[in-house]
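Structure record follows, encoded as structure tokens.
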Amino acid sequence: MATKKRKKKEMFALGNEAVVEGALLAGCTFYAGYPITPSTEIAEVMSARLPLVKDGVFLQMEDEIASMGAIIGSSLAGRKSMTATSGPGFSLMQENLGYACMTEVPLVLVNVMRGGPSTGLPTSPAQGDVQQARWGCHGDHPIIVLSASDVQECLEMTVVAFNFAEKYRTPVILLLDEITAHTREKIVIPDPEDFEIISRVTPAMPPEWYVSYEETMRGVPALPPLGSGYRFHVTGLTHDQNGFPTSKPDEVKALMHRQFRKIDQFFYDIQLVDEVNCDDAEVVVVAYGCVARSAELAVHMARERGVKAGLLKLKTLFPFPKTAVQTLARQCKALVVPEMNMGQISREVKRVNNGLTHVITNNRVDGQIITPSEIFKNIMQA
Amino acid sequence: MAQVTQLIHDYLRHNKKFPHVYCAGCGHGIVLGSLIRSVHGLGYAKDDIVLVAGIGCSGRMAVYVDFNTVHTTHGRALTFATGIKMANPNLKVIVVMGDGDAMSIGGNHLIHAARRNIGLTTLVLNNNIYGMTGGQYSPTSPVGTVSATSPFGQLERSFDIVDMAMASGASYVARGTVLHATMLDGLISDALEKPGFNLVEILTPCHTQYGRKNKFKTVVDMYQWYKKNTVKLDRYRQLKSEEQDKFTPIGVFRDEMRPGLETRYAELRNKLQEQRNA
Amino acid sequence: MSKKKGLAKVTIYPDWCKGCGICAAFCPAGVFELRADGKSHVVREEECVNCGFCELHCPDFAVSVTPKEISRRKTDACVDPRVEAADPSAGTDPGPEENVGTPNREEDHGHKKA
């Protein structure tokens with residue numbers, strides 16, 4: 001973010017509050033949700049802020065299924081929409097999330113991860129929903145999953161999430177964890193001109209020319225708001241370019257392939273990572289979320305001891321940043337993957353590593369954060 | 001009465017396959033016709049109507065009619081519709097659901113949509129069966145119904161959709177049948193004009209999956225059953241209670257003028273924004 | 001609405017008729033007859049009292065009832081192929097037809113949860 005001379009607005013904010021700031025900066029005017037720890041502050045702050053935004057709507061729905069349905073509806077009606085939840089609620093959202101993938105409805109879903117499965121550890125952090133975020137809804141589908149590791153990033157990645165959702169006409173999942181969401185620290189609210197705010201492409205042609213799921217170079221069809229004169233059909237059934245149900249294999253194939261293509265051909269834009277001391281690193285820690293903060297300190301501790309350690313912080317989890325990981329795997333003698341689950345991202349790291357280097361996993365599922373010294377120990381042993 | 005069919009043609013999507021998917025004698029086509037006549041009679045523009053449908057036979061209605069149409073997930077039509085209405089209160093949002101859709105998998109959404117009195121017009125097409133999946137008993141199947149999943153007759157007490165909607169706080173509640181089509185036109189038109197959550201339960205026969213297994217020889221017998229066993233509400237209320245049990249009342253059960261949630265939310269928002277700007 | 005007989009033209013569009021028999025069963029004037037081809041046929045149009053029941057209750061939008069004068073004018077001036085297809089002569093005596101079998105059905109996409 002470019003720094004300006006004028007003093008920027010600063011806030012002492014929770015990660016969850018920063019999400020709200022980011023969403024409002026990105027142009028979100030519609031929130032529907034259901035209370036669940038540890039994501040509830042997002043709903044609470046939204047309920048106070050949105051009525052003050054032009055046409056802003058906050059809805060507390062009867063459950064997470066309904067929340068997801070409501071934001072799909074509002075997004076189709078032209079609003080930038082979001083919801084927030086945590087593990088059990090995320091599971092309930094999966095069916096309608098699949099609907100949003102199939103019908104290509106832009107929306108942002110924040111999942112503040114807590115210990116699971118089931119009610120699990122409701123007030124403790126975990127990173128156990130990573131693969132659920134990727135493959136939670138049935139059927140093949142592309143999806144964008146982002147993460148944030150500190151409060152400032154909560155704000156920034158929420159803006160990125162809205163931009164990706166609108167640009168690629170897809171649901172975007174922002175995975176936080178209880179620690180990131182409940183950490184309170186100073187953030188700087190960027191000026192609107194510091195950010196690029198992207199909104200969905202709406203059709204410019206007359207309604208009778210509009211083809212609602214048109215095969216285009218970019219693979220992202222234009223989306224007019226409901227009621228704007230472009231009458232079209234939206235269905236969760238596989239559909240042809242006009243949006244009407246089809247089961248003809250050639251049309252189904254074209255639909256599925258376009259949906260993947262619209263994400264796959266923009267990996268360079270979507271796959272966001274931060275590298276810390278990676279240029280000459282011999283041991284690279286691959287981390288995301290709150291663990292990335294521990295990892296950053298561990299890397300500095302190792303450097304002080306003369307070990308050439310680096311950090312690859314994943315801000316995009318899916319589509320998995322294969323190129324970034326492979327590039328580092330080729331240069332280093334080991335990749336250390338600390339995460340608060342039994343190995344959900346290390347599975348991806350091992351897949352793209354494909355024998356290039358040694359992958360060391362560092363897992364924890366007891367509701368406690370992985371400490372810098374724990375990661376440091378793994379770096380030193382690598 | 002002339003030119004009703006021509007009028008309906010003007011609202012159908014001509015590039016869709018006709019005759020439509022419904023079985024011979026299925027009442028869903030009659031509901032579609034009634035809905036079109038009501039919308040036309042009230043003079044709404046096609047662009048201003050959003051038809052939101054669930055999954056099942058009733059859900060297929062959305063494909064055929066030239067409004068803004070959203071064919072949602074099973075049971076969740078009301079949630080999508082709630083989002084659409086709150087996002088753009090100027091739209092006329094009509095929700096079409098089946099009995100399984102509305103009362104079983106979507107029962108929670110129905111009671112809460114009614115409770116928050118969101119401005120939707122909801123048509124529940126009650127054919128007492130899960131038709132599209134091959135005729136399993138639904139929450140509105142009468143006790144004793146023989147179905148694919150109750151070969152020995154089902155034992156559970158069935159839901160009364162009208163009672164449920166009223167208890168949940170809907171501001172307009174009515175019941176009609178596809179046999180009483182003119183009355184149905186009136187009920188749907190009435191509902192479309194009311195603010196807040198309004199619901200019309202429509203009894204519509206499914207001969208293929210329900211009738212054949214439950215002693216209706218032909219689909220016409222099911223329409224005859226509606227003729228013999230339904231009675232207008234005012235007459236029903238005059239019947240003795242033991243006689244009432246033999247009949248299903250049809251008509252308007254509740255008709256209140258209460259602003260929808262979308263209106264009340266807009267008022268709150270305006271008030272807050274005025275206070276801030278003052 | 002006139003209760004006089006014979007003032008309306010009743011048309012069945014055979015390709016949309018599924019032969020459910022609602023029109024034949026409920027027509028107060030006995031205008032329709034269900035035939036072996038599985039379709040309803042207009043057999044006593046002169047008895048029609050133009051009540052419109054059939055038009056309101058045909059689930060397949062296959063019946064049209066048109067007052068006769070309007071019908072003539074419409075047919076002459078008609079450029080709309082849909083109305084052309086519903087030309088009265090097509091409905092009254094379709095002649096021997098091939099067995100059209102069951103109506104076109106789209107794939108059953110429905111799902112209800114187990």
Side-chain angles (χ1 to χ4, degrees), chain A residues 29-32 48-81 83 95-100 102-103 105 107 207 224-237 239-240 242-245, chain B residues 13 15-17 45-53 55 59-60 62-93 105-106 108-109 111-113 115-116 118 261-262 265-266 268-273 275-276:
Chain A
T29 58
F30 197 104
Y31 180 98
R49 297 287 298 275
L50 274 174
L52 297 170
V53 173
K54 186 176 180 297
D55 296 328
V57 175
F58 168 87
L59 269 181
Q60 181 168 310
M61 297 300 286
E62 55 271 22
D63 57 28
E64 286 87 350
I65 300 170
S67 309
M68 199 66 199
I71 65 167
I72 293 172
S74 67
S75 182
L76 285 171
R79 302 297 196 91
K80 289 189 180 182
S81 308
T83 187
E95 188 198 14
N96 280 345
L97 183 60
Y99 181 93
M102 182 54 116
T103 54
V105 176
L107 55 88
L226 289 172
S228 60
Y230 294 82
R231 293 192 300 278
F232 59 103
H233 185 61
V234 183
T235 178
L237 291 164
H239 40 268
D240 58 21
N242 291 307
F244 291 108
Chain B
R13 284 179 166 139
N15 51 356
K16 293 296 102 199
K17 223 185 271 176
K46 291 177 186 175
D47 283 332
D48 294 338
I49 303 274
V50 184
L51 186 78
V52 185
I55 293 286
R60 306 312 302 270
V63 168
Y64 294 114
V65 64
D66 188 20
F67 300 136
N68 304 286
T69 50
V70 186
H71 181 210
T72 68
T73 47
H74 190 30
R76 319 300 176 200
L78 281 169
T79 69
F80 287 67
T82 300
I84 294 167
K85 186 68 181 180
M86 289 299 286
N88 185 354
N90 296 324
L91 295 171
K92 199 86 213 160
V93 185
I105 187 167
N108 195 28
H109 308 308
I111 60 179
H112 286 280
R115 177 184 62 80
R116 56 172 74 96
I118 174 87
L261 176 68
E262 69 286 358
Y265 195 88
L268 170 74
R269 194 170 52 207
N270 290 343
K271 197 179 89 187
L272 290 170
Q273 294 186 2
Q275 279 172 5
R276 184 189 55 183

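Every chain is numbered from 1, with letters handed out A, B, ... down the list of sequences. Treat the numbers as computed from the prediction; the structure is a model and nothing was measured.
- Classified by interplanar angle (parallel below 30°, tilted 30° to 60°, perpendicular above 60°), the ring pair A/F244/A/H233 is parallel.
- Here A/N96 is the residue among A/N96, A/L76, A/I72 with the most heavy-atom pairs under 4.5 Å with chain B.
- Rounding to the nearest 0.5 angstrom, the gap separating the CG atom in B/D48 from the CG atom in B/L91 is 6.5 Å.
- A/M61 contributes atom CE, which lies 10.0 Å from atom OG1 of A/T83 (distance to the nearest 0.5 angstrom).
- When all heavy atoms are compared, the tightest approach of A/G236 to A/M102 is O-CG, 3.4 Å.
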Distance-only check: which donor-acceptor pairs under 3.5 Å involve side-chain atoms of residues 49-60 of chain A, not counting sequence neighbours?
from: A/R49; atom 1: NH1; to: A/E21; atom 2: OE2; distance (Å): 2.6

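- Interface remark: A/A32 contributes no atoms to any contact with chain B (heavy atom separation under 4.5 Å).
- Looking at B/Y265, the atoms closer than 4.5 Å to chain A (heavy atoms on both sides) all sit in the side chain, from C-beta outward.
- Comparing A/G98, A/G73, A/P207 by heavy-atom pairs within less than 4.5 Å of chain B, the highest count is held by A/G73.
- Annotation: side chain to side chain donor-acceptor pair (under 3.5 Å) contacts of B/D47 (sequence neighbours excluded): A/R231.
- How far CD1 of A/I71 is from CE of B/M86: 14.5 Å, rounded to the nearest 0.5 Å.
- Neither the backbone nor the side chain of A/N242 comes within contact range of chain B; no heavy atom of the residue lies under 4.5 Å from a heavy atom of that chain.
- Heavy atoms closer than 4.5 Å to chain A are found in both the backbone and the side chain of B/V70.
- Listed for the B/R76 side chain is no donor-acceptor partner under 3.5 Å among the backbone atoms of A/G69.
- Contact count against chain B (heavy-atom pairs under 4.5 Å) is highest for A/G227 among A/S228, A/G227, A/A77.
- Considering only heavy-atom pairs separated by less than 4.5 Å from chain B, the leading option among A/S67, A/A66, A/S75 is A/A66.
- Ranked by heavy-atom pairs shorter than 4.5 Å toward chain A, the options B/K85, B/K46, B/R276, B/R13 are led by B/R13.
- Options B/L261, B/N88, B/L268, B/D66 differ in how many heavy-atom pairs under 4.5 Å they form with chain A, and the most are formed by B/D66.
- Proximity to chain B is limited to the backbone of A/F232, based on heavy atoms less than 4.5 angstrom apart.
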